[in-house]
> 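Can you read through this structure? Questions will come right after.
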Amino acid sequence: MLKIIFFLLFLTPLCFMSNMYWMVQIMMVFISFIFLVMNNFMNYWSEISYFLGCDMLSYGLILLSLWICSLMLLASESINKYNNYKNLFLLNIVILLLLLILTFSSMSLFMFYLFFESSLIPTLFLILGWGYQPERLQAGVYLLFYTLLVSLPMLIGIFYVMNKIGSMNFYLMNNFMFNHDLLYFCLLCAFLVKMPMFLVHLWLPKAHVEAPVSGSMILAGIMLKLGGYGLLRVIAFLQLMNLKYSFVWISISLVGGVLVSLVCLRQTDLKALIAYSSVAHMGIVLSGLLTMTYWGLSGSYTLMIAHGLCSSGLFCLANVSYERLGSRSMLINKGLLNFMPSMTLWWFLLSSANMAAPPTLNLLGEISLLNSIVSWSWISMIMLSLLSFFSAAYTLYLYSFSQHGKLFSGVYSFSSGKIREYLLMFLHWLPLNLLILKSESFMLWL
């Protein structure tokens with residue numbers, strides 16, 4: 001793991017050289033491929049050095065982080081073109097990537113907590129520094145306070161666990177079972193807000209709407225997965241408590257998913273719609289994860305990876321329209337089929353992935369999650385059927401409203417789409433549909 005981290009550390013001076021924007025981007029793609037061939041599909045920890053290691057669970061998420069971060073630079077070409085503090089922007093993303101990789105590859109719970117919290121800072125800088133509206137300040141404060149407020153009890157919980165076990169290693173902690181209600185709530189709430197669970201999800205749409213495209217991509221692609229990853233790690237020694245309380249979170253998430261889907265159906269802002277749909281998807285991930293069935297755990301991991309690629313791609317598409325039309329409103333972004341015909345194909349492909357059409361990875365994840373949640377409680381079928389229906393409904397609304405209809409009169413013709421943008425969409429879509437062929441690494445990691 002150390003070689004990847006050193007690679008990124010030595011990438012930081014490159015950010016400050018002139019005309020090195022694409023060099024940094026190519027280097028990130030390069031290291032994604034290096035990491036791809038480092039794969040050994042082990043169910044136990046490998047690549048261990050000091051407190052860093054990598055098992056199947058970390059592997060997928062680190063790869064996702066590398067991939068999304070390289071695509072972020074590809075998407076934010078306007079920052080390079082208008083020279084909008086591009087050196088600081090590059091530095092910010094490299095540091096963010098470094099922190100994310102450290103988060104996912106930490107084998108110690110405390111180190112995980114440390115990097116889990118630090119990754120918030122570069123994201124905050126992205127929103128405050130490169131965001132669009134003046135409201136980005138409020139969005140940043142929301143993001144910071146929601147996440148920090150619930151993370152402090154978790155720190156106390158971690159110290160308690162350390163005191164009891166005498167070790168922070170995930171692998172060694174799996175042998176213990178705790179039966180303390182307060183500890184359970186302390187450790188879990190931090191991840192539930194990060195997921196985000198319905199009722200504590202308000203920071204997410206705010207942050208997404210104010211963030212630049214790179215901020216939205218990293219939020220949707222990786223930040224939401226930190227919560228799920230943390231849950232998968234700590235749930236192992238909180239099983240007894242989870243049997244007692246999981247129904248609370250699962251009910252909130254399923255009902256919340258349906259409510260959020262209804263909220264999606266009356267959004268006029270492209271980004272807000274995609275952001276709210278993320279909340280609905282994460283709700284079902286959370287429910288499946290907390291059933292603690294084999295299918296549930298595997299399915300939640302699968303859907304986290306799939307959603308990272310799919311949601312990130314949709315934000316890129318929204319940004320492509322935004323750069324052309326100067327607005328994210330659906331009243332102006334319509335009839336895009338007449339305007340950018342080739343881009344409509346990518347809207348279609350990524351929208352269908354968003355509603356879990358085959359052969360995407362989303363389908364695999366959702367089938368496993370549906371199985372696990374229904375096996376946990378038969379009654380949850382009511383909410384799940386509504387969730388599936390409305391999920392298709394708002395995705396269809398997003399697609400048909402933006403692509404069909406009469407073109408807004410204030411729009412003049414210009415370039416339909418650059419090769420860079422098609423490449424960007426392709427690199428989101430290809431792994432999404434190829435990975436289902438290698439599904440054993442998602443379903444058999446446990």
Side-chain angles (χ1 to χ4, degrees), residues 57 60-61 63-64 67-68 71 195 204 216-217 219-225 227-229 232 253-254 257-258 260-261 264 273-289 291 295-318 345-374 383-399 425-445:
L57 179 54
L61 287 160
L63 193 55
L64 184 68
W67 196 243
I68 298 282
L71 292 182
M195 274 297 277
L204 186 80
S216 283
M217 285 168 73
L219 270 169
I222 318 291
M223 289 301 166
L224 272 61
K225 316 299 173 274
Y229 172 78
L232 285 168
S253 293
L254 288 177
V258 176
V260 164
S261 303
C264 277
L273 199 156
I274 304 167
Y276 274 111
S277 79
S278 294
V279 181
H281 281 301
M282 285 294 124
I284 188 172
V285 164
L286 185 61
S287 311
L289 204 158
T291 56
W295 279 64
L297 293 170
S298 308
S300 61
Y301 173 59
T302 313
L303 194 59
M304 280 197 301
I305 303 275
H307 173 266
L309 289 162
C310 166
S311 203
S312 175
L314 280 168
F315 277 115
C316 290
L317 276 168
L345 170 69
W346 293 108
W347 274 101
F348 171 73
L349 289 172
L350 285 162
S351 298
S352 57
N354 200 35
M355 53 170 134
T360 52
L361 197 54
N362 298 60
L363 181 74
L364 179 70
E366 290 210 9
I367 288 176
S368 322
L369 289 167
L370 289 179
N371 267 312
S372 68
I373 297 168
V374 171
M383 281 304 164
L384 281 172
S385 50
L386 286 172
L387 193 64
S388 299
F389 173 74
F390 285 122
S391 169
Y394 66 70
T395 309
L396 204 59
Y397 161 66
L398 168 72
Y399 176 73
M425 295 312 143
F426 180 71
L427 291 179
H428 275 112
W429 176 82
L430 187 74
L432 201 56
N433 291 271
L434 273 187
L435 282 173
I436 199 158
L437 302 174
K438 188 73 181 142
S439 54
E440 68 270 29
S441 52
F442 295 101
M443 300 310 281
L444 303 176
W445 57 268

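Computed from heavy atoms alone, side chains included, the values below leave out hydrogens, waters and symmetry copies.
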> Output the distance between atom CG (Leu398) and atom CH2 (Trp347), rounded to the nearest 0.5 Å.
5.0 Å
> Quick one, Ile284 and Ile373 - any side-chain contact, counting heavy atoms below 4.5 Å?
yes
> To check you understand the geometry: which heavy-atom pair defines the closest contact between Ser298 and Trp445, and what is its length?
CA-NE1, 3.8 Å
> Kindly say whether Ala220 contributes a backbone atom to a donor-acceptor pair with the side chain of Lys225 at under 3.5 angstrom?
yes
> Do Met195 and Met223 have side-chain heavy atoms sitting under 4.5 Å apart?
no
> If we ignore hydrogens and angles and just use 3.5 Å, is the side chain of Ser441 paired with the main-chain N or O of Lys438 as donor and acceptor?
yes
> Apply side chain to side chain contact (heavy atoms under 4.5 Å, CB included) to Ile367 and list each qualifying residue two or more places apart in sequence or on a separate chain.
Leu363, Asn371
> Once you round to the nearest 0.5 Å, how far does CZ of Phe442 lie from OG of Ser300?
12.5 Å
> Does any part of the side chain of Cys310, heavy atoms only, come nearer than 4.5 Å to the side chain of His428, both counted from C-beta?
no
> As a quick check of understanding, evaluate side chain to side chain contact (heavy atoms under 4.5 Å, CB included) for Leu64 and Ile222, giving each step before the final call.
CA-CA 8 Å; Leu64 184 68; Ile222 318 291; 3.9 Å; yes
> Determine the minimum heavy-atom distance between Trp67 and Pro431, stating which atoms define it.
NE1-CG, 3.6 Å
> So do the side chains of Leu204 and Tyr276 get within less than 4.5 Å of each other, counting heavy atoms only?
no
> With a 4.5 Å limit on heavy-atom distance, are the side chains of Ser261 and Leu387 in contact?
yes
> Give, for atom CG of Leu349 and atom CZ of Phe426, the distance between the pair rounded to the nearest 0.5 Å.
10.5 Å
> Measuring from Ile274:CD1 to Leu314:CG, what's the distance to the nearest 0.5 Å?
5.0 Å
> So, taking the atom named CG in Leu432 and the one named CG in Leu350, what distance separates them when rounded to the nearest 0.5 Å?
7.5 Å
> With rounding to the nearest 0.5 angstrom, report the OG1 to CE distance, Thr302 to Met443.
5.0 Å
> Under the side-chain hydrogen bond (donor to acceptor under 3.5 Å, both in side chains) rule, collect the residues that match up with Ser368, sequence neighbours excluded.
none
> For the residue pair Asn354 / His307, report whether a side-chain donor-acceptor contact shorter than 3.5 Å exists.
no
> Write down the atom of Ala280, the atom of Gly257, and the distance for their closest heavy-atom approach.
CB-O, 4.0 Å
> Say whether, by atom type as modelled, one donor and one acceptor occur between the side chain of Ser351 and the main chain of Phe348 under 3.5 angstrom.
no
> Output all residues satisfying side-chain hydrogen bond (donor to acceptor under 3.5 Å, both in side chains) with Thr395, sequence neighbours left out; order by chain, then residue number.
none
> When you compare the side chain of Ser352 with that of Thr360, does any pair of heavy atoms fall below 4.5 Å?
no
> Give me the atom names and distance for the closest heavy-atom approach of Ile305 to Leu435.
CG2-CD1, 4.4 Å
> Is the closest side-chain heavy-atom distance between Leu303 and Met282 below 4.5 Å?
no
> Do you know the tightest heavy-atom contact between Ser391 and His281?
OG-CE1, 4.5 Å
> Looking only at heavy atoms, which two atoms of Cys316 and Met217 are closest? And how far apart?
SG-SD, 3.5 Å
